[in-house]
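Given the structure is predicted, the values throughout are model-derived calculations rather than measurements. Numbers for residues simply follow the sequence, beginning at 1.
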Amino acid sequence: QERLVESGGGFVQPGGSLKLTCAAASGRTFRNGAMAWFRQAPGKEREFVAAIFRNGGHTYYGDSVKGRFTISRDNAKTTVYLQMNSLKPEDTAVYYCAAGMGLILSSIRNGHAYDYWGQGTQVTVSS
């Protein structure tokens with residue numbers, strides 16, 4: 001089992017920044033698998049945001065956040081981050097951290113490919 005705990009959500013004005021943190025309790029999946037962020041807004045389907053493979057050298061982003069968000073990981077702390085800049089009202093959602101083992105490139109944007117999920121953290125962007 002892998003327990004994921006997100007933090008860092010909150011309220012921010014358009015154009016502002018937030019940094020989300022996801023701490024993996026056991027670290028096993030974190031060290032050997034891929035980590036990702038997804039989000040879900042009210043009345044909408046879950047959306048892929050970003051993913052990073054275990055070596056940190058390969059990162060992937062959803063089209064709507066490319067160039068504004070950055071995913072990174074600290075293997076020593078078994079923690080993954082999502083730096084969100086130039087936030088827009090349409091970024092408002094609950095953001096979830098996910099971890100998965102044995103993912104292939106074609107599946108990283110598919111939430112069903114991940115084994116563990118955090119409880120989510122709310123991000124609200126509004127003036």
Side-chain angles (χ1 to χ4, degrees):
Q1 280 283 31
E2 180 70 272
R3 182 167 175 260
L4 305 175
V5 179
E6 302 102 332
S7 61
F11 182 94
V12 64
Q13 292 186 338
S17 298
L18 281 175
K19 186 174 185 176
L20 304 184
T21 298
C22 172
S26 74
R28 177 178 177 271
T29 304
F30 181 94
R31 286 189 292 270
N32 296 288
M35 301 293 296
W37 289 94
F38 288 79
R39 67 186 183 186
Q40 188 164 22
K44 295 188 176 181
E45 293 186 354
R46 183 173 58 195
E47 178 187 9
F48 170 76
V49 176
I52 186 167
F53 278 90
R54 62 179 179 175
N55 62 5
H58 298 279
T59 57
Y60 304 89
Y61 297 91
D63 290 340
S64 61
V65 306
K66 204 171 295 183
R68 299 187 297 123
F69 291 11
T70 303
I71 188 171
S72 61
R73 61 191 293 161
D74 184 331
N75 288 340
K77 296 181 179 179
T78 62
T79 298
V80 64
Y81 305 97
L82 184 68
Q83 177 66 47
M84 306 185 295
N85 298 327
S86 302
L87 283 161
K88 305 175 181 180
E90 50 264 43
D91 294 318
T92 296
V94 177
Y95 284 69
Y96 296 93
C97 177
M101 296 281 286
L103 269 72
I104 58 177
L105 184 58
S106 62
S107 65
I108 59 168
R109 291 176 170 81
N110 182 354
H112 296 291
Y114 291 82
D115 304 302
Y116 304 104
W117 292 83
Q119 81 288 351
T121 185
Q122 176 71 46
V123 172
T124 302
V125 184
S126 176
S127 55

[X] vs [Y] side-chain heavy atoms within contact, under 4.5 Å:
X    : Y    : value
M84  : L20  : yes
I71  : Y60  : no
Y114 : I108 : yes
H58  : L105 : no
R39  : T92  : no
Y96  : L4   : no
R46  : H112 : yes

Please name the pair of heavy atoms, one in [X] and one in [Y], separated by the smallest distance, quoted to 0.1 Å.
X    : Y   : result
A41  : A93 : N-CB, 3.8 Å
Q122 : V94 : OE1-CG2, 3.2 Å
K44  : Q40 : O-NE2, 3.1 Å

About how many Å separate [atom2] of [Y] and [atom1] of [X], when rounded to the nearest 0.5 Å?
X   : Y    : atom1 : atom2 : result
T70 : Y81  : OG1   : OH    : 14.0 Å
E2  : D115 : CD    : CG    : 10.0 Å
F48 : W37  : CZ    : CH2   : 13.0 Å

Q: Determine the interplanar angle of the W117 and F38 rings, folded into 0 to 90°, and report it as parallel if under 30°, tilted if 30 to 60°, perpendicular if over 60°.
A: tilted

Checking [X] side chain against [Y] main chain: does a donor-acceptor pair fall under 3.5 Å?
X    : Y    : answer
Y116 : C97  : no
D91  : V123 : no
R68  : S86  : yes
E6   : G120 : yes
R73  : A34  : no

Q | Partner of F69 under side-chain contact (heavy atoms from CB on, under 4.5 Å), chosen from N85, L18, T59, L82 | A | L82

Q | Residue K66 excluded, over 12 heavy atoms near NZ under 6.0 Å | A | yes

